[in-house]
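All values below come from the heavy atoms of this structure, side chains included, with hydrogens, waters and symmetry mates left out. One-based numbering along the sequence shown.
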Amino acid sequence: MPTDAARTRWRHTHAFTIRLVGLFVSVTLSIVCVGTSDRTAGGSNIIWLANGLLLAFLLLAPRWRWPMYVAAAFVGMFLGSLLIVETTTLNLVYNVLNLIEVLIGAFLLKRKSTELPAFADLSYLLRFLGFACLLGPAVSGILFGVVMSTWLHHDFLTTVIDWATGDGLGILVVTPTFAAILQSRMRNTHLFQRRWIYPVLTVAVTILVFSQDRLPILFLVYPFLVLVLTQIDLGWAALSTLMVAVIGGWYTVRGHGPLALATEVGPQWKAAILQLYLAGAMFTLYSISVMLGNLRKIQTELRQIASLHKLVVDNSRDAIVLGDLDGRQTYVSPGIRALAGWDPQDLVGRLFRELIHPSDLAEVEMAMRALRAGSEGGTLEYRARKRDGDYFWAEGSLRVYRDPATGRPIGFLNLVRDITERKRSEEQLHSAYRAMETLVVVDALTGIANRRRFDDALATEWRRGLREGNKLSLLLIDADHFKRYNDNYGHVRGDSCLKQIAEAALDIVLRPGDLVARYGGEEFAVILPATDEHGARAVAEDICQALRNRRLPHEGNSPGIVTVSIGCATIVPQRGKSAQDLIEAADQALYWAKGRGRNRVIVAGDGSRPESTPIILEVPRYRRGEPG
């Protein structure tokens, strides 16, 4: 026994031969079944299958195969006509004109070799009606009328009308029907095996409708044809339509069925009415088939979109939250599990604000109020609670979504992303920036403000003094004979000495607005906002005393310990002056202090000679080699 695969290969190998044989047999049987020895008499020519059948084959085949199909059809027509006792001469005339009729429609309809029939398309349908159903039969009918009027003296106009009407309506019914059957190739046999009852019911209802001639109930057949279409496919529905044509034609030519009620029309008009009825059924099926095809296409696209959406949502590291404008969550994506440990169903129905850190709740509520007021959305950062009670930093991209019909805001979309690592990195970056900023404004050796910080602070205090009219004092401090100290004790001890001077100053200068800074080398500066001359002098003397109390040995200095000279200056900031005037005044006072013997405080006068205050120290003598 050959296997299914072997049978399939055999069918593919001999497919063209099978189609040729099928066309030959179908055309022969169609003429035998519905042919008549006198087409002009209108006796039993209810539906002429052969022409419509051949046209369906040609419309589905590439043009280069048409000669073989035409030859097979012509042989089938000739043989069929012989079997119904047609004379040889009329046989040849009929079938040559049939081929002319079919080829006119085929050439004008199939403009490209790969073009397939599309009877549900309005443009194609109009071309089919004009070329295949009107032009082709009209040309053949005229030729037939010329032959019959010349040869048998028939009425020319009547002959043309009979031919064109019969063949045109026949093509109108048969070609779409067989095109549907051939295109579907009856693939859904598995559905037919399960739903064979629907074609059987269609045949039964057709027999019931056409076997009686009391009630005009032709419309009862249509629902059953639609049922076959929806439950199986268009091919089986077209085949059922063909069965309706055969059954209806058989009863009609015998004077039975609903068309028998039309007593005022002859057999030809009854045949035309039946053909129009069948054409209407076929095009109804085509229209429904197109709508069903579009619906299936949309359903397929929707399934693909839903599948893609599920794939993206299920594998997204972000969580997607939908809710109403009151903040109640209506959908939460599975991404929330990896993000916060929650199951989506645990959060549906809960208010959005229930999971927000209390410190961030006001900002989130403000964003929700903005959405309700008409804002399109925005991005905010907040801390959200996990299932275990901990919080993580989240970035929420809030967007409003609207009713498609009214455009009215009906809810919000929130794309939630974990930014804990980013916030941690930002904090580390800020810490590093603050540390760097500190390094920029802090002297590396003494740990007090450096010259840059001093310049900024003095400029700030100068502007404040301009606004408020307060006095601003400045102390410039210089270590006495510091070069000798470095030469005697080394630079390491020298650095330690500078630290001691800075610490002594910091012990005295305690107000938050005051600033102790390293001015450069062994020089220091103290900014004293809102301080007059007496206050500046007092601070300077206290700094000298604090350093003296440390009793740092300095053999190169006459007192035997480390001392400093301090120049003080006080000024009320005014327009037309600058902070440089204050620095120069303090520097001049320091110059006078060093010129007067060092180890003293001098306050710059108001344009007069500076006033000197010597510092008297009682210092014990140290023997060489003793610590201190």
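Each of F352, Y401, Y331 was checked for a ring-ring contact (aromatic ring centres under 6.0 Å, His included) with F412, and the lone residue meeting it is F352. Remark: of the listed residues I448, D514, L475, D514 is the sole one forming a side chain to side chain contact (heavy atoms under 4.5 Å, CB included) with V509. Screening D360, N414, V364 against L380 for a side chain to side chain contact (heavy atoms under 4.5 Å, CB included) leaves a single residue, V364.
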Output side-chain donor-acceptor pairs under 3.5 Å for residues 386-394, partner residues at least two apart or in another chain, one line each.
residue, atom, partner, partner atom, Å
R387, NH1, D346, OD2, 2.6
D388, OD1, D390, N, 3.0

Side chains of residues 296-303: which donor-acceptor partners sit under 3.5 Å, not counting sequence neighbours?
residue, atom, partner, partner atom, Å
T300, OG1, R296, O, 2.8
T300, OG1, R303, NH2, 3.3

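Of the possible donor and acceptor atoms, one in the side chain of R328 sits under 3.5 Å from a partner among the backbone N and O of G349. With hydrogens and angles ignored, the 3.5 Å screen pairs no side-chain donor or acceptor of S289 with any backbone N or O of L285. The backbone N or O of L355 sits nowhere less than 3.5 Å from a side-chain atom of R385 that would complete a donor-acceptor pair. In this structure, the side chain of D403 does not engage the main chain of R408 through any donor-acceptor pair within 3.5 Å. The backbone N or O of A457 sits nowhere less than 3.5 Å from a side-chain atom of E461 that would complete a donor-acceptor pair. Without hydrogens or angle criteria, H554 side chain to R484 main chain gives no donor-acceptor distance under 3.5 Å.
Every pair passing ring pair (Phe, Tyr, Trp, His ring centres under 6.0 Å) that includes a residue from residues 492-531 is listed here, sequence neighbours excluded: F454-Y519.
In this structure, the separation between OG on S287 and CG on L292 is 10.5 Å, given to the nearest 0.5 Å. With rounding to the nearest 0.5 angstrom, the CG atom of L476 is 7.5 Å from the CD1 atom of I583. Atom-to-atom distance recorded for D324:CG and R372:CZ is 9.5 Å, nearest 0.5 angstrom. Distance check, rounded to the nearest 0.5 Å: NZ of K110 to CG of L116 gives 5.5 Å. Rounded to the nearest 0.5 angstrom, I571 CD1 and L582 CG are separated by 6.0 Å. To the nearest 0.5 Å, atoms CG (L413) and CG (L322) are separated by 5.5 Å.
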Exercise. Step by step, would you call D478 with S565 a side-chain hydrogen bond (donor to acceptor under 3.5 Å, both in side chains)?
Worked result: CA-CA 5 Å; D478 184 73; S565 299; 5.9 Å; no
For this session: Could you please spell out the steps behind the salt bridge (charged side-chain N to carboxylate O under 4.0 Å, His left out) verdict for E522 and K483?
Result: CA-CA 9 Å; E522 67 273 15; K483 185 177 184 304; over 6 Å; no
For this session: Determine, stepwise, if the pair V562 / D480 fulfils side chain to side chain contact (heavy atoms under 4.5 Å, CB included).
Result: CA-CA 7 Å; V562 174; D480 295 332; over 6 Å; no
For this session: For R451 and D456, run salt bridge (charged side-chain N to carboxylate O under 4.0 Å, His left out): C-alpha distance rounded to whole Å, both residues' side-chain angles, the deciding distance at 0.1 Å, then the answer.
Result: CA-CA 9 Å; R451 177 62 182 270; D456 292 341; over 6 Å; no
For this session: For salt bridge (charged side-chain N to carboxylate O under 4.0 Å, His left out), just list the numbers for K499 and D495, CA-CA rounded to whole Å, side-chain angles, deciding distance to a tenth of an Å, and then say yes or no.
Result: CA-CA 6 Å; K499 292 179 183 178; D495 290 344; over 6 Å; no
Problem set entry | Residues T570, D532; criterion side-chain hydrogen bond (donor to acceptor under 3.5 Å, both in side chains); working and verdict | CA-CA 6 Å; T570 302; D532 59 11; over 6 Å; no
For this session: Test S375 against V400 for side chain to side chain contact (heavy atoms under 4.5 Å, CB included), laying out the working first.
Result: CA-CA 8 Å; S375 170; V400 70; over 6 Å; no
For this session: Before giving the answer on salt bridge (charged side-chain N to carboxylate O under 4.0 Å, His left out), spell out for E523 and R518 the whole-Å C-alpha distance, their side-chain angles and the decisive distance to 0.1 Å.
Result: CA-CA 6 Å; E523 291 186 346; R518 187 178 179 186; over 6 Å; no
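Comment: D507 engages R550 in a salt bridge, judged by a side-chain N to carboxylate O separation of less than 4.0 angstrom. With respect to E427 and R424, no salt bridge is recorded, no charged nitrogen being found less than 4.0 Å from a carboxylate O. Taking a cutoff of 4.0 Å between a charged side-chain nitrogen and a carboxylate oxygen, K423 and E395 do not qualify as a salt bridge. Between E365 and R353 there is a salt bridge, since at least one side-chain N of the basic residue sits less than 4.0 Å from a carboxylate O of the acidic one.
Surrounding OH of Y489 are more than 12 heavy atoms belonging to other residues, nucleotides or ligands, all under 6.0 Å away. Enclosure of atom CZ in R453 is not indicated, since only 12 or fewer non-hydrogen atoms of other residues, nucleotides or ligands lie within 6.0 angstrom. Atom CZ of R402 has more than 12 neighbouring heavy atoms from other residues, nucleotides or ligands inside a 6.0 Å radius. Summarising the local packing, CZ of R127 is surrounded by more than 12 heavy atoms from other residues, nucleotides or ligands at distances under 6.0 Å.
Side-chain contact check for L325 versus P409: some heavy-atom pair is nearer than 4.5 Å. Contact check for L528 versus L472: no side-chain heavy atoms found under the 4.5 Å cut-off. In this structure the side chain of I527 reaches within 4.5 angstrom of the side chain of P529, judged on heavy atoms. When side chains are defined from C-beta on, V416 counts as touching L339, because their heavy atoms get closer than 4.5 Å.
Side-chain contact annotation: R350 with Q329, donor-acceptor N/O pair under 3.5 Å absent. Residues R511 and T531 have side chains that bring a donor and an acceptor to within less than 3.5 angstrom of each other. Side chains of T563 and N557: a donor on one and an acceptor on the other come within 3.5 Å.
Between Y485 and F482, the ring planes are parallel. Angles under 30° get that label, and only those over 60° would be called perpendicular.
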